[in-house]
Amino acid sequence: MKIFLLLVVGFFSLFATDMQYNKGEMLYFSKSCNSCHGPSAEGGSGTPRLSHKKQNYLKSRLYYFRKGKVSSQQQEVMVQFTLKLSDAEIEALSYFLSYHKKSDTQGVSSELLGGFGS
Ligand code: HEC
C-alpha cells in the first residue's frame, strides 16, 4: 500500500514539475525574453546565457531586477521586463531556464518566436 502511495505521489510531482516547465517556456516566449536571450536561452550579443544556470541564482536575479536593483547600465533593461512578473511566473521561468532541454520550440507559435523560427 505504501509503495502504491509513493508511486501516486511520484507521478503527480513529475506531472507538476512538467507543468512548471511548460509554463516557464510559454512565459519565456510570450514575454519576449527570447528576443534578447535567444530561442534556446543561449545568450547573445550583450545578453548572458540563462539556460542551465542554478534556479535559485536566476530567481534571485529576477527578484532583484523587479525591485529595480541593478549594478550596471546594461542591466537596466531587465527592470521593465520583470516589473510585471508575479512570484509564480518568476518561479516558472527560473525552473524552465535552469532545467532547459535542447531548444524545444515545437508547439510555440512562430509569432511568439519573433522571427527566430524553430
Ligand atoms: C531587451 C533585451 C532583453 C530582454 C527582452 C530580456 N532580457 Fe534578460 N537581460 C538582458 C541584459 C542586457 C541583461 C544583463 C547583462 C549584464 O548583466 O551585463 C540581462 C540579464 C538577465 C538575467 C541575469 C543573468 C545572469 O547571469 O546574471 C536574467 C535571469 C534574465 N536577464 C532573464 C530574463 C527573462 C526571464 C526575460 C523575459 C521576462 C528577459 N531576461 C528579457 C536583456 C534582456
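Whatever order the structure lists them in is the order used to number ligands and atoms, beginning at 1. We're numbering straight along the sequence, starting at 1.
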Which value, rounded to the nearest 0.5 Å, describes the distance between N56 atom CG and Y63 atom OH?
10.0 Å
Heavy-atom closest contact (M78 atom, T82 atom, distance):
O-OG1, 2.8 Å
Below the 2.8 Å mark, what number of protein N, O or S atoms do you get around atom 8 (Fe) of ligand 1?
2
Hydrophobic cluster (4.5 angstrom, side-chain heavy atoms) - remaining members for F15:
M19
Numbering the atoms of ligand 1 from 1, which are under 4.0 Å from a heavy atom of S32?
5 (C)
Whether the side chain of E42 engages the backbone of S40 through a donor-acceptor N/O pair (distance < 3.5 Å, no angle test) should be reported.
yes
Does Y57 come within less than 4.0 angstrom of ligand 1, counting non-hydrogen atoms of the residue?
yes
Counting from 1 in the order shown, the ligand 1 atoms closer than 4.0 Å to a non-hydrogen atom of G46 are 12 (C), 15 (C)
Ligand-side contact atoms (ligand 1) for residue partner L58, heavy atom cut-off under 4.0 Å
29 (C)
CG on L62 to OH on Y57, rounded to 0.5 Å:
10.0 Å
Which pair of heavy atoms, one from H37 and one from Y28, lies closest together, and at what distance?
CB-OH, 3.1 Å
Test of understanding: given a 4.0 Å heavy-atom threshold, classify the contact between L27 and ligand 1 as side chain, backbone, both, or neither.
neither
Quick one: CD1 on I90 to NZ on K59, what's the gap to the nearest 0.5 Å?
9.5 Å
Looking only at protein heavy atoms, identify the closest one to atom 26 (O) of ligand 1 and say how far it is in Å.
K53 NZ, 2.7 Å
Quick one: closest heavy-atom pair of Q55 and S98, and the distance?
N-OG, 3.4 Å
Looking only at non-hydrogen atoms, find the nearest pair between L85 and R66 and report the distance.
O-NH1, 2.8 Å
Decide whether Y99 and L58 are clustered together by the hydrophobic rule: side chain heavy atoms of Ile, Leu, Val, Met, Phe, Trp, Tyr closer than 4.5 Å, transitively.
yes
Shortest protein contact, atom 18 (O) of ligand 1 (heavy atom only)
Q74 CB, 3.7 Å
Closest protein heavy atom to atom 17 (O) of ligand 1, given as residue, atom name and distance to 0.1 Å:
Q75 NE2, 3.1 Å
